[in-house]
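Report on one structure; see the data block that follows.
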Amino acid sequence: MTEMNRTIRGTPGFLLPFLFIIAASGCGESASSGATGENDNTGGTGGASTGGTSAGTGGATTGSTSAGTGGAATGGTNAGTGGGATGGTGSGSSGAGTGGAPSSAPTFHVFMLMGQSNMAGVADKQDSDQNSDARLKVLGGCNQPAGQWNLANPPLSDCPGEKGWNLSTAVDPGIWFGKTLLGKLAEGDTIGLVATAESGESINTFISGGSHHQMILNKIAKAKMAENARFAGIIFHQGESDSGQTSWPGKVVQLYNEVKEAWGVDYDVPFILGELPAGGCCSGHNNLVHQAADMLPEGYWITQQGTNVMDEYHFDHASVVLMGTRYGEKMVEALGW
């Protein structure tokens with residue numbers, strides 16, 4: 001197993017076929033199955049092509065968050081007369097068109113940034129770390145208005161944080177993760193980063209019953225309200241406070257499941273773990289990092305090879321940039337961007 005090639009895929013729960021009656025006057029070019037989404041709302045009767053180039057007249061999607069009457073194409077280039085197709089919560093689009101146009105609303109891809117100090121950032125930020133691209137947003141962020149989407153600039157986690165240890169002068173890997181994703185972002189789409197890192201914290205404080213668990217839930221609740229938001233993935237750097245504890249991988253899985261439940265989605269997202277730095281306190285924990293990745297439905301890990309520490313625990317600036325870029329490259333690979 002290597003960190004860049006191992007892929008574990010979960011089976012999406014939403015791909016359940018539903019057959020619709022095809023209206024005689026408006027058959028599409030593909031098979032006669034109707035379009036499906038991920039919720040339980042059902043539109044009117046009539047046919048709609050899935051993946052075809054055109055759709056017939058009548059009917060709407062099943063499982064979409066909203067559906068009008070009339071034909072709708074999912075994944076096609078043209079739609080029939082009438083309402084539009086919309087993706088479910090876990091789909092890549094939302095919103096319904098009119099007059100039979102397929103949904104083309106831009107997607108707001110939301111990623112969680114989780115962990116302790118190496119995710120919050122310790123090395124001093126530099127001018128090269130700044131971001132001016134309005135397509136990269138952060139929910140709140142250090143010294144920015146809480147509870148709203150702001151231009152993403154480091155550090156992204158709250159400062160000083162609930163424990164008071166998050167630095168306001170630091171660069172974190174999340175900013176370079178986001179910058180890497182921008183290079184593959186579809187035209188019109190946006191990236192939202194939700195940073196919940198807390199320096200010096202055990203994973204026990206992030207899961208149910210822990211002192212920082214509610215903060216995570218609060219941020220997710222706010223992020224879910226964004227227009228066209230789609231929960232897309234998690235990057236995670238933590239373990240220094242739990243080094244060598246054999247129960248840690250199971251708690252990583254618990255955290256993933258609790259985050260997914262809070263988002264209210266029935267699909268799996270990539271969860272990417274970062275190795276702890278070599279030459280520091282805790283590189284022996286990396287066997288457990290690999291184990292946790294293996295236990296997740298879409299688990300991955302990135303190597304710390306080539307990094308350096310500035311003290312016993314923390315990556316230096318160049319290593320923060322390298323790890324953030326690796327997180328981004330692995331997420332691009334996992335999402336197929």
Checklist entry - Out of curiosity, His213 NE2 to Leu255 CG, how far, rounded to the nearest 0.5 Å? => result 8.5 Å
Checklist entry - Are Leu217 and Ile234 in one and the same hydrophobic cluster, where Ile, Leu, Val, Met, Phe, Trp and Tyr link if side-chain heavy atoms are under 4.5 Å apart? => result no
Checklist entry - Should Leu151 and Val110 be regarded as members of a common hydrophobic cluster, given that ILVMFWY residues are connected when their side-chain heavy atoms come within less than 4.5 Å of each other, either directly or indirectly? => result no
Next on the checklist: Do Glu198 and Thr205 make a side-chain contact, defined as non-hydrogen atoms from C-beta onward lying under 4.5 Å apart?
Outcome noted: no
Next on the checklist: Let me confirm one number: the CD1-CD distance from Ile220 to Glu261, rounded to the nearest 0.5 Å.
Outcome noted: 10.0 Å
Next on the checklist: Strictly distance-based, threshold 3.5 Å: is any side-chain N or O of Thr107 a donor or acceptor partner for the main-chain N or O of Asp189?
Outcome noted: no
Item to check | Non-neighbouring partners of Phe315 that pass ring pair (Phe, Tyr, Trp, His ring centres under 6.0 Å), sequence neighbours left out | outcome: His237
Next on the checklist: side chain to side chain contact (heavy atoms under 4.5 Å, CB included), that's the test. Do Lys260 and Val265 meet it? Break it down for me.
Outcome noted: CA-CA 6 Å; Lys260 180 179 168 181; Val265 298; 3.7 Å; yes
Checklist entry - Is Lys163 atom NZ crowded by more than 12 heavy atoms from other residues, nucleotides or ligands, each under 6.0 Å away? => result yes
Next on the checklist: Would the distance check show the side chain of Glu201 and the main-chain N or O of Phe206 forming a donor-acceptor pair, the cut-off being under 3.5 Å?
Outcome noted: no
Checklist outcome for this item: Correct closest heavy-atom pair for Gln130 and Lys125 would be OE1-CD, 4.3 Å
Item to check | Set of residues satisfying ring pair (Phe, Tyr, Trp, His ring centres under 6.0 Å) with respect to Tyr313, sequence neighbours excluded | outcome: none
Checklist entry - Under 3.5 Å, side chain of Glu258 to main-chain N/O of Ser208, donor-acceptor pair present? => result yes
Checklist entry - With sequence neighbours left out, what residues match Lys179 under salt bridge (charged side-chain N to carboxylate O under 4.0 Å, His left out)? => result none
Item to check | Residues, nucleotides or ligands: over 12 heavy atoms within 6.0 Å of Glu312 CD | outcome: yes
Item to check | Leu182 side, atom CG; Ile191 side, atom CD1 - distance, nearest 0.5 Å | outcome: 4.5 Å
Checklist entry - Just by modelled atom types, is the Ile175 backbone N or O under 3.5 Å from a matching donor or acceptor in the Asn131 side chain? => result no
Checklist entry - With a 4.5 Å limit on heavy-atom distance, are the side chains of Val259 and Val269 in contact? => result no
Item to check | Minimum heavy-atom distance between Ser157 and Asn166, given as atom pair plus value | outcome: CB-ND2, 4.0 Å
Checklist entry - Shortest non-hydrogen contact from Lys219 to Leu139? => result O-CD2, 3.5 Å
Next on the checklist: For residues Val289 and Val309: do they belong to one hydrophobic cluster (side chain heavy atoms under 4.5 Å, members Ile, Leu, Val, Met, Phe, Trp, Tyr)?
Outcome noted: no
Item to check | Separation between CG of Leu335 and NZ of Lys330, rounded to the nearest 0.5 Å | outcome: 11.5 Å
Item to check | Separation between CG of Asn143 and OG1 of Thr169, rounded to the nearest 0.5 Å | outcome: 10.5 Å
Item to check | Selection residues 173-223 - residue pairs positive for disulfide bond (SG atoms under 2.5 Å apart), sequence neighbours left out | outcome: none
Item to check | Residue pair Trp149, Thr190: steps toward the side chain to side chain contact (heavy atoms under 4.5 Å, CB included) verdict | outcome: CA-CA 11 Å; Trp149 293 101; Thr190 312; over 6 Å; no
Checklist entry - What closest approach, in Å, do Asp129 and Asn153 show between heavy atoms, and which atom pair accounts for it? => result O-OD1, 4.4 Å
Checklist entry - Which pair of heavy atoms, one from Ala197 and one from Ala120, lies closest together, and at what distance? => result CB-N, 3.6 Å
Checklist entry - Which heavy atom in Gly328 sits nearest to a heavy atom in Leu181, and how many Å separate them? => result O-CD2, 3.8 Å
Checklist entry - Can you tell me how far OG of Ser283 sits from CD of Glu240, rounded to the nearest 0.5 angstrom? => result 11.0 Å
Checklist entry - Between Val194 and Tyr267, is there a shared hydrophobic cluster once you connect ILVMFWY residues whose side-chain heavy atoms come closer than 4.5 Å? => result yes
Next on the checklist: Applying side chain to side chain donor-acceptor pair (under 3.5 Å) to Gln214 and Asn218, what does each step give before you reach the verdict?
Outcome noted: CA-CA 6 Å; Gln214 189 60 49; Asn218 291 345; 2.8 Å; yes
Checklist entry - Where does the angle between the aromatic ring planes of Phe231 and Trp263 fall among parallel (under 30°), tilted (30 to 60°) and perpendicular (over 60°)? => result parallel
Next on the checklist: Under the rule for ring pair (Phe, Tyr, Trp, His ring centres under 6.0 Å), what residues qualify as partners of Trp165, not counting sequence neighbours?
Outcome noted: none
Next on the checklist: Any heavy-atom pair between the side chains of Met114 and Ile216 that's under 4.5 Å?
Outcome noted: yes
Checklist entry - With sequence neighbours left out, which residue pairs that include part of residues 218-284 fulfil the disulfide bond (SG atoms under 2.5 Å apart) condition? => result none
Next on the checklist: Could you list the cluster mates of Val122? Members are the ILVMFWY residues connected by side-chain heavy atoms closer than 4.5 Å, either directly or through other members.
Outcome noted: Leu167, Met310
Next on the checklist: Could you work out, with side chain to side chain donor-acceptor pair (under 3.5 Å) as the rule, every residue matching Lys137, not counting sequence neighbours?
Outcome noted: none
Checklist entry - Do Gln126 and Asp124 pass the side chain to side chain donor-acceptor pair (under 3.5 Å) test, and can you show the C-alpha distance, the side-chain angles, and the key distance before you say yes or no? => result CA-CA 7 Å; Gln126 301 179 9; Asp124 287 340; over 6 Å; no
Checklist entry - Mind checking what makes side chain to side chain donor-acceptor pair (under 3.5 Å) contact with Gln238, not counting sequence neighbours? => result Gln116, Asp242, Trp248
Item to check | Residue pair Arg326, Glu329: steps toward the salt bridge (Lys or Arg N to Asp or Glu O under 4.0 Å) verdict | outcome: CA-CA 5 Å; Arg326 285 174 175 169; Glu329 290 170 345; over 6 Å; no
Item to check | Non-neighbouring partners of His314 that pass side chain to side chain donor-acceptor pair (under 3.5 Å), sequence neighbours left out | outcome: Ser117, Asp311
Item to check | side chain to side chain donor-acceptor pair (under 3.5 Å) against Lys224, all qualifying residues, sequence neighbours excluded | outcome: none
Item to check | Validation row: Met112, Thr196 side chains within 4.5 angstrom (heavy atoms) | outcome: yes
Next on the checklist: If we ignore hydrogens and angles and just use 3.5 Å, is the side chain of Tyr300 paired with the main-chain N or O of Pro270 as donor and acceptor?
Outcome noted: no
Checklist entry - Heavy-atom distance under 4.5 Å between the side chains of Leu185 and His109, does that happen here? => result yes
Next on the checklist: Tell me if a side-chain donor or acceptor on Asp268 pairs with a main-chain N or O of Glu298 at a distance below 3.5 Å.
Outcome noted: no
Item to check | same_hphob_cluster(Ile207, Phe236) at 4.5 Å side-chain heavy-atom cutoff | outcome: yes
Item to check | Sequence neighbours excluded - disulfide bond (SG atoms under 2.5 Å apart) pairs with any residue from residues 108-227 | outcome: Cys142-Cys159
Next on the checklist: Whether the side chain of Asn286 engages the backbone of Leu276 through a donor-acceptor N/O pair (distance < 3.5 Å, no angle test) should be reported.
Outcome noted: yes
Checklist entry - So, Phe177 versus Phe111, ring centres under 6.0 angstrom or not? => result yes
Item to check | Between Glu275 and His290, a side-chain donor and acceptor under 3.5 Å | outcome: yes
